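Structure first, commentary second.
Treat the numbers as computed from the prediction; the structure is a model and nothing was measured. In what follows, chains are A, B, ... by sequence order, proteins preceding strands, each numbered from 1.
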Protein chains: 2
Amino acid sequence: MGLTKSEMFTEEQNEISNIAKVFGHPARVAILQHLFKIDTCICGDLVNEIGLAQPTISQHLKELKKIGLIKGNITGTSVCYCIDKANWTAMKKTLHLFLDQDLQDNDICCS
Amino acid sequence: MGLTKSEMFTEEQNEISNIAKVFGHPARVAILQHLFKIDTCICGDLVNEIGLAQPTISQHLKELKKIGLIKGNITGTSVCYCIDKANWTAMKKTLHLFLDQDLQDNDICCS
DNA sequence: AACATTAATCGTAATATTGCAATATAATAA
DNA sequence: TTATTATATTGCAATATTACGATTAATGTT
């Protein structure tokens, strides 16, 4: 069916997968890396930077904005985007909790 | 179209998004958390643990195995799965590089 | 006002993902 | 050999995602 019943899973599991889903497209990774690199806000040059059409970039930006990782300010006819630092830090904390679980060494069958 | 041309992006961007895509489903997050929790290898009880049908779980395990995060050993009629520690560590390194980028404070428009 | 610029939204086609019933495969037990 | 048990694979339907042309909305410029 393709229907994921979110109530089947814990809030943490849904949160992690929702974050990961946003990182699950190279264009969005590229957008975020660019926002980090230029160290300041960015307007429409993402369309030139990444080789995708303007509506596509706009759609990816919407996804990133929806989950709160970026925010945008309107300045004239263009919109400046940047990383939402507080939310980025919070997101990192959630992911680290999952990624940095202890790796015990008591393999029984997978040695 | 839905076609992502991977050659449009850097190897790093594709690697990050491929890893993230695997975490982008709560069932796979749940499987990994369970593998961590029981601290040892696991066989078929995932189907009972998570509320999905056996073929569905098997499919998710295949995704996790494909990217190398888990490995499985056949023991009798059942298969034991566990985290591939080396690959998990390598994956973490890749993600940390991306997640832990410096957050400068020179916002111009997004203050 | 008329035009230009920039970004968002709509509509739609192509593709990918998810879930499961049915079936296949493999190992063991009787 | 014939069940039995456990997992994988196949096939398919439902849904989600991605990409982009066309259009719209908002602002700025002349």
Side-chain angles (χ1 to χ4, degrees), chain A residues 1-9 13-14 17-31 34-35 41-67 70-82 109-110, chain B residues 1-9 13-14 17-31 34-35 41-67 70-82 109-110:
Chain A
M1 277 197 293
L3 214 181
T4 303
K5 306 145 202 157
S6 62
E7 64 275 11
M8 282 181 53
F9 302 99
Q13 285 157 358
N14 285 313
S17 63
N18 282 332
I19 294 167
K21 213 174 289 179
V22 172
F23 293 139
H25 195 290
R28 290 191 288 265
V29 172
I31 288 171
H34 191 68
L35 285 177
C41 300
I42 195 202
C43 307
D45 37 77
L46 280 167
V47 178
N48 307 313
E49 192 70 24
I50 303 166
L52 289 170
Q54 179 267 320
T56 309
I57 296 288
S58 191
Q59 200 171 270
H60 284 307
L61 287 169
K62 197 178 170 186
E63 294 292 312
L64 290 166
K65 207 161 40 172
K66 200 175 76 183
I67 207 167
I70 64 171
K71 51 186 174 180
N73 268 28
I74 298 163
T75 66
T77 54
S78 60
V79 178
C80 276
Y81 283 105
C82 66
C109 63
C110 295
Chain B
M1 276 199 293
L3 214 180
T4 302
K5 306 145 201 158
S6 63
E7 63 276 11
M8 282 182 54
F9 303 99
Q13 285 158 357
N14 285 314
S17 62
N18 282 333
I19 294 168
K21 213 173 290 177
V22 173
F23 293 138
H25 195 290
R28 290 190 289 265
V29 173
I31 289 172
H34 191 67
L35 285 177
C41 301
I42 194 203
C43 308
D45 38 76
L46 280 167
V47 177
N48 308 313
E49 192 71 22
I50 303 165
L52 290 170
Q54 180 267 322
T56 308
I57 296 288
S58 188
Q59 200 172 269
H60 284 307
L61 287 168
K62 197 178 170 185
E63 294 291 314
L64 290 166
K65 206 160 44 172
K66 199 175 77 183
I67 207 168
I70 64 171
K71 53 186 174 182
N73 268 30
I74 298 161
T75 66
T77 54
S78 61
V79 178
C80 276
Y81 282 106
C82 65
C109 63
C110 296

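Ranking D/dT18, C/dG19, D/dT17 by closeness to the A/Lys21 side chain, first place goes to D/dT17. Between C/dT6, D/dA8, C/dG19, one nucleotide has an atom nearer to the side chain of B/Val79 than all others, and that is D/dA8. Proximity note for A/Gln59 (side chain, C-beta onward) versus C/dA8, D/dA6, D/dA19: the nearest is D/dA19. You'll find that the side chain of A/His60 is closest to D/dA19, out of C/dC20, C/dA7, D/dA19.
Spacing between atom NZ of B/Lys66 and atom P of D/dT9 amounts to 12 Å, rounded to whole angstrom units. Here C/dA21 presents its C1' atom at 15 Å from CG of B/Leu52, a figure rounded to the nearest Å. Between A/Lys62 atom NZ and D/dC20 atom P there is a gap of 17 Å when expressed in whole angstrom units. Protein atom CD1 of A/Ile31 is 11 Å distant from nucleotide atom P of D/dT18, rounded to whole Å. Per the geometry, CZ belonging to B/Phe23 stands 14 Å off P belonging to C/dT18, to the nearest Å. Protein atom CD1 of A/Ile67 is 12 Å distant from nucleotide atom P of D/dT17, rounded to whole Å. The NE2-C1' distance, from A/His25 to D/dC20, rounds to 13 Å in whole Å. As rounded to whole Å, 11 Å separates atom P of C/dT6 from atom CG of A/Asp45.
With sequence neighbours excluded, the residues that form a side-chain contact (heavy atoms from CB on, under 4.5 Å) with B/Ala30 are A/Phe9, A/Gln13, B/Ile50. In terms of the side-chain contact (heavy atoms from CB on, under 4.5 Å) criterion, A/Thr77 has no residue partners (sequence neighbours excluded). B/Gln59 is linked by a side chain to side chain donor-acceptor pair (under 3.5 Å) to nothing, counting only residues two or more places apart in sequence or in another chain. Among residues two or more places apart in sequence or in another chain, the side chain to side chain donor-acceptor pair (under 3.5 Å) test is passed with A/Lys65 by A/Tyr81.
Two residues, A/Ala53 and B/Ile57, neighbour DNA chain D, and the one matched to the more 5' nucleotide by heavy-atom proximity is B/Ile57. Nucleotides of DNA chain D nearest to B/Lys65 and A/Thr56 differ in position, and the one nearer the 5' end is that of B/Lys65.
Across all non-hydrogen atoms, the minimal contact from B/Ala27 to B/Leu52 is CB-CD1, 3.7 Å. B/Asn18 and B/Ile67 make their closest contact through O-CD1, 3.4 Å (heavy atoms, listed as atom of the first residue, atom of the second, distance).
No donor-acceptor pair closer than 3.5 Å links the side chain of A/Arg28 to the backbone N or O of B/Ser17.
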### Message
Using a 4.0 Å heavy-atom cut-off to protein, can you give one letter per nucleotide of nucleotides 22-30 of chain C, 5' to 3': B if the base is in contact, S if only the sugar-phosphate is, - if neither?
### Response
B----BS--
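Between A/Ser78 and C/dT6 there is no side-chain polar atom (N or O) within less than 4.0 angstrom of OP1 or OP2. An OP1 or OP2 oxygen of C/dA8 is reached within less than 4.0 angstrom by a side-chain nitrogen or oxygen of A/Tyr81.
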